[in-house]
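Here is the naming used below: chain letters follow the sequence lines, and residue numbers restart at 1 for every chain.
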Protein chains: 2
Amino acid sequence: MVKRNTRQKRIIMDAVCSLDHPSATAVYERVQAIDPKISRSTVFRVLSDEAAAGKLLRLHINGTDDRFDPTLTSHCHIRCRVCGKVEDIMTDIATDMSSDIEGSHGYSVEYCDVVFYGICPDCKDKTNSVQTA
Amino acid sequence: MVKRNTRQKRIIMDAVCSLDHPSATAVYERVQAIDPKISRSTVFRVLSDEAAAGKLLRLHINGTDDRFDPTLTSHCHIRCRVCGKVEDIMTDIATDMSSDIEGSHGYSVEYCDVVFYGICPDCKDKTNSVQTA
DNA sequence: TATATAATAGGATCAAATCCTAATAAGGGG
DNA sequence: CCCCTTATTAGGATTTGATCCTATTATATA
């Protein structure tokens, strides 16, 4: 008996998928709304375990707590420094970079995190309307 | 009177420069060895302030606490998952990527973090010698 | 269905980071 | 060169994301 498919685990994974790059706390709040009996430690443990098992990505993004991402294909992220939103960027540039690094630095590269920081179109629009008002 | 050049600040910045991508705690320990009267909160505050002022980079790297880097020119990082070492990779690929993102996603990109994870040449050698032994 | 044990609930605990306030000292003005 | 304003620090309290601990629960196999 290796791994059990528990109700808690299903609810937690559903929450990750239905939210947008949520933090563990955000997942916990969503899960609480569905079943208040599910404990914080279960949420943190399941997220950690699933990330360690490669079922989720665990993202370290400047200025926020860790985020979780069910999208496993190679991609980048971008965070708006105004509204805090994190978005996927489906590009595979990192793969080319990884092989460059292998050659030039002698590392075996296993994984690559690329995070852009900036201002999203929505927040740019808002800033502009304030300026022109 | 805008900003003061204090002895504590000088010691802390020297420590960051003499260490290799140190965490705040590593800086604190180095600083303690020089002057045990300098408090932990001063170290954390100075590092945060200098990072916010753009005098240092603050790196969020998976599986470790924040690291600080006095190198301000655009570059990437790589972390060995065996020994934990963090190295600079002086490449400017991120700049090209940033302008791509501006075009395709409408963001104003201000900054980009690129972190590779893998195994450094030293740790690879050790692994090999164990295997062949 | 019975049972061995993986997984959870809930609280305790840990550590990085921040906050608070009286005391200190940097550095510009006189 | 010294004084005075106030930015900065020391030191401890506090916050918070995350992990750990243990009795209890419930999954999945025989």
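Listed by chain and number, the residues in a ring pair (Phe, Tyr, Trp, His ring centres under 6.0 Å) with B:H21 are B:H77 (sequence neighbours excluded). Among residues two or more places apart in sequence or in another chain, the side-chain hydrogen bond (donor to acceptor under 3.5 Å, both in side chains) test is passed with A:T25 by none. In this structure A:R58 satisfies the salt bridge (Lys or Arg N to Asp or Glu O under 4.0 Å) test together with A:D66, sequence neighbours excluded. Under the salt bridge (Lys or Arg N to Asp or Glu O under 4.0 Å) criterion, B:D122 pairs with B:K85, not counting sequence neighbours. Remark: A:E110 engages B:R81 in a salt bridge (Lys or Arg N to Asp or Glu O under 4.0 Å) (not counting sequence neighbours).
A straight line from CZ of A:R67 to P of D:dA18 spans 11 Å, rounded to a whole angstrom. A straight line from CZ of A:R10 to P of D:dA28 spans 8 Å, rounded to a whole angstrom. Atoms OH (B:Y28) and C1' (D:dG12) sit 12 Å apart, rounded to a whole Å. In this structure, A:R4 places its CZ atom 10 Å from P of C:dT5, rounding to the nearest Å. Atom-to-atom, CD of B:Q8 to C1' of D:dA10 comes out at 9 Å; the value is rounded to the nearest Å. In this entry the distance linking NZ of A:K9 with P of C:dA7 reads 5 Å, nearest Å. Rounded to an integer number of Å, the gap from CD1 of A:I38 to P of C:dA9 is 6 Å. Going from atom CD of A:E29 over to atom C1' of D:dG17 covers 13 Å, rounded to whole Å.
Residues in residues 30-53 of chain A take part in no ring pair (Phe, Tyr, Trp, His ring centres under 6.0 Å) pair, two or more places apart or across chains.
Of the candidates C:dG27, D:dT8, D:dA28, D:dT8 carries the atom nearest the B:T6 side chain, counting heavy atoms from C-beta on. Relative to the side chain of B:K37, the nucleotides C:dG27, C:dA9, D:dG11 differ in distance, and D:dG11 lies closest.
Where the helix from C:dT1-D:dA30 to C:dG30-D:dC1 starts and where it ends, the local axes point in directions that differ by 40°; five pairs per end, rounded to 10°.
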**Request:** Using a 4.0 Å heavy-atom cut-off, write out nucleotides 11-24 of chain C from 5' to 3' as B (base contacted by protein), S (sugar-phosphate only) or - (no contact).
**Result:** B----SBBB-----

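Ionic pairing of B:E50 and B:K3 is present here: one or more N-O contacts between side-chain nitrogen and carboxylate oxygen are shorter than 4.0 angstrom.
A:L59 shares a hydrophobic cluster with A:L57, A:I61, A:L72, A:V86, A:Y111, A:V115, A:Y117, B:L57, B:L59, B:I61, B:L72, B:V86, B:Y111, B:V115, B:Y117; the chain of contacts runs through ILVMFWY side chains whose heavy atoms sit under 4.5 Å apart.
OP1 or OP2 of C:dA9 lies within a sub-4.0 Å distance of a side-chain N or O belonging to A:S39.
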**Request:** Evaluate the criterion side chain to side chain contact (heavy atoms under 4.5 Å, CB included) for residue pair A:T95 and A:S74; output intermediate values, then yes/no.
**Result:** CA-CA 8 Å; A:T95 302; A:S74 175; 4.2 Å; yes

